[in-house]
Amino acid sequence: PMPLLGPAVLKGHLEARGHSVDLVDLSARVRHRDRFRGPRRHQLGAFFGRPDALRAHLDGVPDPLITAETEKLVRLGRLDRYETIGFSVSLDSALGPALCIAQRLGRGRNPPRIVLGGPVFERSDFRYLLEHEAIHAIVLGDGEEAMEHLLEGGAGPAPGLEMRSMVSTPASYPLDRKARPIFERSDVDRYRALGQKIRAWLPYLLTRGCRYRCSFCRDYDNVRYTYTPAEKVVDELAFLKRTYGVDAIYFGESNINNDEAAVRELAELMLRRDLRIEWGGLGTIWGLDDDTIELMARAGCRYLSIGIETASERLRQKWNIGKCRDLSEIERRLARMHALGIRVNSLFIVGFPHETEDDYEETIAFLETIAPYTTTVGATDFDLVEGSPAYVRQDTFAVRARPRESRGRYAFLERHVAFDEIGGVRWEEQQARSAQKLARLTRIARLRVGVPLALRLWREDPLYPMRRAARRPYFDYDIYL
């Protein structure tokens with residue numbers, strides 16, 4: 001729903017060192033090209049979402065649909081004019097198109113150096129992608145030092161740089177030394193046009209790490225957290241507002257209120273400097289008292305995405321979900337946010353291993369309870385994440401991961417770790433049950449939360465239903481503003 005932050009920070013970092021950098025946001029360009037209803041609207045996923053065809057295409061047996069769409073993407077981004085191209089990959093599903101584009105460019109007259117990076121490469125081991133000849137390197141974690149090293153022809157290893165001849169670990173560049181992000185104004189305008197209310201967000205890195213240790217999360221051991229200094233944050237947010245005319249800022253990290261004192265310091269400085277920009281991000285209920293919530297609202301906070309996960313006390317204890325300790329307190333604080341104009345996206349997970357019907361019904365009942373204070377609901381089925389405690393200590397959580405069917409350089413085609421419950425149901429039945437639970441929760445959320453939201457948007461903008469009928473907006477983050 002907004003430009004990626006990593007490439008914008010890299011642009012600021014590298015241009016300060018004399019390099020020329022262009023940002024080419026193919027996601028924005030494709031969606032803007034296909035923004036009206038029509039036969040092309042959802043074809044991109046169909047082109048690259050066929051595992052057998054994609055595997056054959058990358059193995060040298062061209063697929064006509066993939067070939068044609070790859071050429072369109074290359075032309076759309078004018079990608080055949082660069083010496084080095086870095087792909088920032090935020091979703092596993094984007095790896096297929098990225099590899100097809102890299103293969104196509106690698107066969108050109110002057111093939112560029114192709115580097116892969118982005119959030120996906122912090123979540124799993126993708127070194128096998130270097131088996132694709134067109135891929136020169138992979139960047140793990142923050143890319144400032146790795147990309148600077150590559151562009152300046154450095155020899156030997158660099159933090160976060162993984163190549164065929166070297167193995168690395170994810171790099172972490174200090175937040176207080178991060179460059180000011182530089183976005184492309186045209187991309188910001190495209191994202192604005194693709195929103196429900198024609199308003200634009202820009203991302204910003206406020207903090208890193210998470211104080212909680214949920215057992216399903218890969219960041220279980222990343223409990224040390226740091227913050228970008230408040231003065232630096234406010235200076236750079238003022239620059240983004242002035243330069244791009246942005247409507248709101250999205251703090252895109254695991255938990256913006258890791259440290260309540262740091263959040264209060266930032267909010268007070270925003271008020272003192274009269275910044276007047278709306279903002280939001282991922283947060284937790286625990287660590288937000290009434291005074292802090294009120295201060296955040298006065299400083300412009302209009303959106304929080306709150307991970308509730310489950311209302312089952314048994315599951316919260318088993319999976320160490322310490323950010324949701326008291327359901328009545330969660331309800332009270334959500335009501336307080338709602339009264340102060342902070343709109344909440346409540347997040348749930350269904351299909352935990354060995355989740356009982358009673359566990360699930362508790363979650364459904366709690367969703368019904370908080371519906372009046374929730375703007376949107378996000379729900380996913382349980383994912384056994386590589387590196388999480390549940391994956392590392394499978395016997396403790398009574399699960400058994402199955403060997404991956406997709407191996408070698410096509411392992412990315414298998415996006416989920418299949419697992420069986422020890423002493424319970426097999427993967428296939430677990431998937432079927434989770435799908436049913438997810439469908440029911442989604443129906444309830446649509447009725448209790450979605451209908452009131454649509455009525456509110458209609459009251460705010462009488463043309464909203466007509467615009468939605470003609471051009472279903474791709475993104476809805478601006479509905480919180």
Side-chain angles (χ1 to χ4, degrees), residues 175-176 201-214 217 219 222-238 241 247-309 311 316 321-347 366 369-370 372-376 378 477 480-481:
L175 294 182
D176 59 353
W201 293 70
L202 281 181
Y204 188 86
L205 187 59
L206 173 63
T207 183
R208 178 184 278 142
C210 181
R211 65 190 288 184
Y212 299 103
R213 307 184 72 179
C214 301
C217 183
D219 288 335
N222 191 21
V223 294
R224 293 176 297 176
Y225 50 85
T226 57
Y227 277 81
T228 304
E231 288 282 354
K232 183 177 189 294
V233 174
V234 174
D235 286 343
E236 295 184 352
L237 296 191
K241 179 182 178 182
D247 301 292
I249 297 296
Y250 177 74
F251 295 129
E253 48 276 333
S254 299
N255 182 16
I256 66 173
N257 58 302
N258 276 315
D259 185 338
E260 191 174 338
V263 174
R264 292 184 64 88
E265 179 189 7
L266 175 62
E268 289 168 352
L269 185 57
M270 294 173 82
L271 287 169
R272 243 182 358 258
R273 295 272 295 271
D274 196 26
L275 187 58
R276 296 192 183 185
I277 191 167
E278 297 181 347
W279 53 275
L282 289 165
T284 58
I285 290 292
W286 220 249
L288 290 180
D289 60 26
D290 286 349
D291 290 341
T292 302
I293 293 172
E294 182 176 352
L295 178 62
M296 291 169 61
R298 287 196 293 113
C301 181
R302 295 294 175 267
Y303 163 71
L304 282 176
S305 194
I306 302 292
I308 296 171
E309 323 306 6
R316 293 204 308 277
I321 307 175
K323 57 190 177 181
C324 299
R325 301 180 184 177
D326 185 331
L327 295 183
S328 62
E329 188 64 21
I330 294 173
E331 180 187 355
R332 191 184 69 79
R333 295 189 188 184
L334 289 180
R336 181 66 174 157
M337 291 179 193
H338 179 76
L340 292 171
I342 299 177
R343 289 165 174 159
V344 172
N345 177 35
S346 296
L347 302 175
F366 189 63
T369 299
I370 65 171
Y373 318 122
T374 298
T375 299
T376 52
Y477 264 48
Y480 304 101
L481 305 180

Review point. Ignoring hydrogens and geometry, is there a side-chain-to-backbone donor-acceptor pair from Tyr227 to Ile256 under 3.5 Å?
Key: yes
Check your understanding: So, the side chain of Arg336 versus the backbone of Ile293: is there a donor-acceptor pair under 3.5 Å, distance only?
Key -> no
Check your understanding: When rounded to the nearest 0.5 angstrom, what distance separates CG in Leu206 from CH2 in Trp279?
Key -> 8.0 Å
Point to revise | Straight-line distance of Met337 CE to Arg343 CZ, nearest 0.5 Å | key: 14.5 Å
Practice item. With rounding to the nearest 0.5 Å, note down the distance linking CD in Glu278 to OH in Tyr480. Key: 14.0 Å
Practice item. Could you tell me whether a side-chain N or O of Lys323 sits under 3.5 Å from a main-chain N or O of Cys214, the two making a donor and an acceptor? Key: no
Review point. Between Asn257 and Glu260, is there a donor-acceptor pair closer than 3.5 Å when you use the side chain of the first and the backbone of the second?
Key: no
Check your understanding: Are any side-chain N or O atoms of Lys232 and backbone N or O atoms of Asp176, one a donor and one an acceptor, separated by less than 3.5 Å?
Key -> no
Review point. CZ of Arg273: more than 12 outside heavy atoms within 6.0 angstrom?
Key: yes
Review point. In terms of the angle between their ring planes, are Trp201 and Tyr303 parallel, tilted or perpendicular, with boundaries placed at 30° and 60°?
Key: perpendicular
Check your understanding: Would you say Asn258's side chain and Thr207's backbone share a donor-acceptor pair under 3.5 angstrom?
Key -> no
Practice item. Rounded to the nearest 0.5 Å, what's the gap from CZ on Arg302 to CG on Leu481? Could you check? Key: 9.0 Å
Study note, to complete from the structure: Separation between CD (Glu294) and CG (Asp289), nearest 0.5 Å, reads 10.5 Å
